[in-house]
Chemist: 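Let me begin by handing over the structure; questions about it come next.
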Amino acid sequence: MSAAPSPAPAPPDDEAPRYRYGATLANEIEGRWQDRWEAEGTYHAPNPSGELSGGFERVAGRPKLYVLDMFPYPSGVGLHVGHPLGYIGTDVYARYKRMSGHNVLHAMGYDAFGLPAEQYAVQTGQHPRVTTEANIATMRRQFRALGLGHDDRRSVATTDIGYYRWTQWIFLQIYHSWYDPEAGRARPVAELVAELESGARLAVDDEHPEGRPWSSLSAAEQRAFVDDHRLVYRDEAPVNWCPGLGTVLANEEVTPDGRSERGNFPVYKRPLQQWKMRITAFAERLLADLDLIEWPERIKAMQRNWIGRSVGARVDFPLAHDPSTAIAVFTTRPDTLFGATYLVLAPEHPLVGELVAGSWGDADPASWRGAGLAGVVEGVPASGWGSPMEAVAGYRRYASSRSDVERQVESRVKTGVFTGAFAVNPTTGEHVPVFVADYVLMGYGTGAIMAVPAHDQRDFEFSAAFGLPVVGVVRPPAVWFAEHGLEADTRASAWPEAFTGDGVHMASANEGVSLDGLATAEAVAAVNTWLESVGAGEATVTYRLRDWLFSRQRYWGEPFPVVYDEDGLPVALPESMLPVTLPEVDDYTPTVVDDDRLPEPPLGRAKEWAEVVLDLGEGPRTYRRELDTMPQWAGSCWYYLRYLDPGNEAALVDPDVERYWMQGSTQERQPAFGGVDLYVGGVEHAVLHLLYARFWHKVLFDLGHVSTPEPFQRLYNQGYILADAFTDERGFPVEASAVVADAEGGFSFEGRPVRRELGKMGKSLKNAVSPDAIAAEYGTDTLRLYEMAMGPLDADRPWSGRDIVGVHRFLQKLWRNLVDEETGALRVDDRAPGDDLRRTLHRTIAGVRADMEGLRFNTAVAKLIEANNALTRTLAQAGAGARAPREVAEALVLMLAPLAPHVAEELWARLGHATSVVWTELPTADPALLVDEEVELPVQVAGKVRARVRVGAGADEAAVQAAVLADEAVQAALAGRAVRRVVMVPGRLVNLVV
RNA sequence: GCCCGGGUGAUGGAAUGGCAGACAUGGUGGCCUCAAAAGCCACUGUCCGAGAGGGCGUGCGGGUUCGAAUCCCGCCCCGGGCACCA
């Protein structure tokens, strides 16, 4: 079906009727209609204005509908039958909606930056653009061959210079914005500067520029302050460095076991200056607005989980030796503050260097000095380090050397060292020791915790290892003591583990506040009030979400529209200098300088590009370009907006056009929040693409470039197609198509036995089935229909080469009912159908419409098969030469059209219509024909069906009851027992309770 | 450990409080055919029964209800997500 079709199998043609619907005829029909659709622009969806507005008057009265697929990465190996499942689903839905009076936008593009093309380039020297464009051409051919009704004028690839120019433009918009916490939205940086200059604003979020008035700052200080508040900023921080991919990665791209999502390579922490996007500023809105959108609960749950909102308090612990400095900790259990017996800082915490003491105290145990690390960390004496300074420095080296994998895999033994410093518990005034330990993470909360070993399991374990006091301040219930085999009210120091549940507070009172006797929630409120009143802290909210690391050390991505001046400070290029295009390089490999430093990105090889003389307002100067590129997610953050207005060179999308397609969903929901009406894709993007795209969309919304707060109103996850995969004795997959079944029910590959398992279809399991081969054997319409019929769209399902003949037979039978297989003549006439057939037809119409509306294509197909079987029976009963009633034939063809558009077009044309079925209205069901004149009611006696009684559809309850009681079978089932009660479900059943 | 899904014939699945197993595959029998099938017809949850008919049946155990695959409680199994996030 594509450029190199596998030869159609020789049809059993010698004797098969010439006009039987088989592969040969199907393929001929399909090719012909695909050509015609393309020539006639059948799938063009007009915009309300602008260059794509031709023909809008034809659809001006229709509601709009925007149906979107997660666009693919154009891989070199082409599609397998698992890929198009979602694409066929959206195509059927889009066609159904168009046939029920909507102006439907359905387009397809290519997420074409990315690693495989670059890796291929490294190996072969072939420019990634060459491979990418060849792959796109292949994929486009395959989509066309599947009969997908995309508006091909709107196709974009993220690698198109005309496209990534706008990706860079959006980057600049974000760069030139800051998040105003009072307004709760992104605003232009220019407004911040104006407010600071005028004195209308003194600070951002209580943070004063250098603690001094704006006017007293130097130009460099002002610039640094502004840069610190941009939504895109440079940050020096430990990042996820993945040598296997040669780049750093965002947190979202690293799996829980510390490996890369793509490729499964180990990931290490390295401190590095990188671009980040301030997605954390939007954490609350990204969380709250999940309530506005219709997404699967599990996807919302994953995003909520990832954002990780926790409510708690910031508490300041002044240093014992320097009360002017305080350690701010974040805790979700401020109610346990009286039980805090030590503090722990993350190894990277900035205060560590400041507070570390000169020498150990006499009483400091060896474990506090790092003795536990002797033998684990090189150079640690058996009694620990000689001084806190050495211990902290040594521990920091140790902690930074451990990869995430190691921290994960090594059992969670708590390690750490004492800093020699003490802090003051603000409730008790007691001095508590301050430790450094890597179980506290710098990136979360304040990077410091108060440890309450009695009521937190992690702190409990640490306290056990370091001999720290355990003070209970929440009394566990009696059952807790019983479960642990303890006497009631055993002291916390003798507990086997922390008690983390709710309980009654105790030992928690000072002159200002008493929590004693309070339950957890009340205690939290009371202590928060007290903390604020004495200025020792406040209730706060913290998020797990981190800022988005946006730099990649790769070639095949969008260049940053940023240069560095002679001070090494970044300068954004003006819009007029866009696009910044990728330079040619002779080698796509990163340059490795030495093992400790990160490799220099491939763009560094383009020497004459990397250094550039520009006039950025201060006369021509030499600048150094940013050599990193953007992550692949950048291009996919906004492609759904570009489909709307792909050729616009003045704006990323015309506001009129954007409002038309994005605003005011046409669905029945109230209120409508807008966005894409239906977005279908795999579940694997739950916290990557879908989170990033929401973030960018919100920035664009705040800045007035789009009109809806969310990009995707309704999200639907299609399932995966699974297939048998076979592994050899080493556990490696072997080519599934070459496996043969042996006599004993086992399987073998090249004579060796292999094991069968079910897995996601794809390259890695070597179990891919090509759509081209299926189309050659049965036709594309059969493939489409089969994919829709095999189960609900959101369910994973195993591919079965066996079952597919079922839907093929259906198409063949339908064809035969309408067309003479020998002569090709129409077997339809204008006589009205019989009453039964007509009622069947109208029930089918109602059912198919409802099923398609709810994306239940599998049951829609079943209903069409039933209707066709009813037609077949009718024709058989009428005897030789019977003809199908046109009324039934046309309705069936129209209902089939969204699912199997080629054969439907062909039949529609043969039925004498000159216009495409694509733009024909679907039939509507006549409600009068949905109820039978007479219904057969099952009659239950004592809850079991014992008889069936035919009654008129309009019969009242008394009449039905009389008919039921008069029935012989009912009387036999009753066997003389008295009926105590009669339950009537109108039109459904009768239940006699005895 | 916590949070989501899910468990129905030989198989994919239907039924979301009212006839369990729609539709399809496979299987069995028959028709057509020299022979065949991507053709046509019938049967096909399971057990008892020659049959009529009956018993049992939606992972397991309990409950609510006239009535439960469906709702509730407890458990088992499978899949996915999260997990040193204070």
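Convention: sequence-line order gives letters A, B, ...; per-chain numbering from 1.
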Chemist: Would you classify G9(B) as syn or anti? Syn applies when the glycosidic angle is within 90° of 0.
Modeler: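 Syn, which is what one calls it when the glycosidic angle falls within 90° of 0.
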Chemist: Could you list, one pair per line, each protein nitrogen or oxygen that sits under 3.5 Å from a nitrogen or oxygen of nucleotides 19-23 of chain B, together with the distance?
Modeler:
from: C19(B); atom 1: O2; to: R948(A); atom 2: NH1; distance (Å): 2.2
from: C19(B); atom 1: O2; to: R948(A); atom 2: NH2; distance (Å): 3.4
from: C19(B); atom 1: N3; to: R948(A); atom 2: NH1; distance (Å): 3.4
from: A22(B); atom 1: O2'; to: E866(A); atom 2: OE1; distance (Å): 3.4
from: A22(B); atom 1: O2'; to: E866(A); atom 2: OE2; distance (Å): 3.3

Chemist: Excluding sequence neighbours, so at least two apart, what forms side-chain contact (heavy atoms from CB on, under 4.5 Å) with E253(A)?
Modeler: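 E253(A) satisfies side-chain contact (heavy atoms from CB on, under 4.5 Å) with L249(A), A250(A), R552(A), W633(A), L688(A) only.
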Chemist: Test of understanding: with side-chain contact (heavy atoms from CB on, under 4.5 Å), list the residues that count as partners of V470(A), not counting sequence neighbours.
Modeler: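 V470(A) satisfies side-chain contact (heavy atoms from CB on, under 4.5 Å) with P453(A), A454(A), S463(A), A492(A) only.
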Chemist: Excluding sequence neighbours, so at least two apart, what forms side-chain contact (heavy atoms from CB on, under 4.5 Å) with A850(A)?
Modeler: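 Only R856(A) meet the side-chain contact (heavy atoms from CB on, under 4.5 Å) criterion with A850(A).
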Chemist: Mind checking S800(A) for me? I need base, sugar-phosphate or nothing, with any heavy atom below 4.0 Å counting as a touch.
Modeler: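 The answer is nothing, as S800(A) stays clear of every strand by at least 4.0 Å.
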Chemist: If you check the R946(A) side chain, which of U25(B), G54(B), A86(B) turns out closest?
Modeler: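 Closest nucleotide to the R946(A) side chain: G54(B).
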Chemist: Report the residues that fulfil side-chain contact (heavy atoms from CB on, under 4.5 Å) with R333(A), sequence neighbours left out, ordered by chain and then residue number.
Modeler: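 With neighbours one apart ignored, the set is T331(A), D335(A), T336(A), V474(A), T520(A).
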Chemist: Where along residues 304-313 of chain A does a heavy atom fall under 4.0 Å from RNA chain B?
Modeler: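 N305(A), S310(A) - these, ordered by number, are the residues of the stretch whose heavy atoms sit under 4.0 Å from the strand.
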Chemist: Please name all residues satisfying salt bridge (charged side-chain N to carboxylate O under 4.0 Å, His left out) with D459(A), sequence neighbours left out, ordered by chain then number.
Modeler: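 Listed in chain order: nothing, the list is empty.
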Chemist: Which residues satisfy the ring pair (Phe, Tyr, Trp, His ring centres under 6.0 Å) test with H808(A), sequence neighbours excluded?
Modeler: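 Result, ring pair (Phe, Tyr, Trp, His ring centres under 6.0 Å) vs H808(A): Y21(A), Y778(A).
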Chemist: side-chain hydrogen bond (donor to acceptor under 3.5 Å, both in side chains), that's the test. Do H689(A) and E684(A) meet it? Break it down for me.
Modeler: CA-CA 9 Å; H689(A) 160 62; E684(A) 69 272 16; over 6 Å; no
Chemist: N/O contacts under 3.5 Å, protein versus nucleotides 39-48 of chain B?
Modeler:
from: G39(B); atom 1: OP1; to: R809(A); atom 2: NE; distance (Å): 3.3
from: G39(B); atom 1: OP2; to: R809(A); atom 2: NE; distance (Å): 3.3
from: G39(B); atom 1: O3'; to: R816(A); atom 2: NH2; distance (Å): 3.1
from: C40(B); atom 1: OP1; to: R816(A); atom 2: NH2; distance (Å): 3.0

Chemist: Not counting sequence neighbours, which residues clear side chain to side chain donor-acceptor pair (under 3.5 Å) with E821(A)? List them please.
Modeler: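 Side chain to side chain donor-acceptor pair (under 3.5 Å) list for E821(A), sorted by chain: R20(A), R816(A).
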Chemist: Name all stems that contain residues of RNA chain B, defined as runs of 3 or more consecutive Watson-Crick or G-U wobble pairs, both distances under 3.5 Å.
Modeler: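 Stem segments, range with range: B:1-7 with B:76-82, B:10-12 with B:23-25, B:26-31 with B:39-44, B:45-48 with B:53-56, B:59-63 with B:71-75.
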Chemist: Between C23(B) and U8(B), how far apart are the C1' atoms? Round to whole Å, please.
Modeler: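 16 Å, rounded to whole Å.
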Chemist: Hey, does R298(A) reach any base, or is it just sugar-phosphate, or nothing, if we go heavy atoms under 4.0 Å?
Modeler: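 Sugar-phosphate, backbone atoms only, no base.
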Chemist: G18(B) P sits how many Å from L992(A) CG, rounded?
Modeler: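 After rounding, the gap between these two atoms is 19 Å.
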Chemist: Could you walk me through whether Y398(A) and D438(A) satisfy the side-chain hydrogen bond (donor to acceptor under 3.5 Å, both in side chains) test, starting with their C-alpha distance in whole Å, then the side-chain angles of each, then the deciding distance to 0.1 Å, before giving a yes or no?
Modeler: CA-CA 10 Å; Y398(A) 160 71; D438(A) 69 357; 5.1 Å; no
Chemist: What donor-acceptor contacts under 3.5 angstrom involve side-chain atoms of residues 304-313 of chain A, with partners at least two apart or in another chain?
Modeler:
from: W306(A); atom 1: NE1; to: E252(A); atom 2: OE2; distance (Å): 2.9
from: R309(A); atom 1: NE; to: E284(A); atom 2: OE1; distance (Å): 2.8
from: R309(A); atom 1: NE; to: E284(A); atom 2: OE2; distance (Å): 3.4
from: S310(A); atom 1: OG; to: Y444(A); atom 2: OH; distance (Å): 2.5

Chemist: For G67(B) versus C19(B), give the span between their C1' atoms, rounded off to a whole number of Å.
Modeler: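 One C1' to the other, the span is 12 Å.
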Chemist: Please state how far atom CG in L864(A) lies from atom P in A24(B), giving the value in whole angstrom units.
Modeler: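 So the two atoms are 12 Å apart, to the nearest Å.
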Chemist: Within the 4.0 Å heavy-atom criterion, would you say P296(A) contacts the bases, only the backbone, or no part of the nucleic acid?
Modeler: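 No contact.
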Chemist: Side chain of F330(A): nearest nucleotide among G26(B), A86(B), G18(B)?
Modeler: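 The answer is A86(B), which lies nearest to the side chain.
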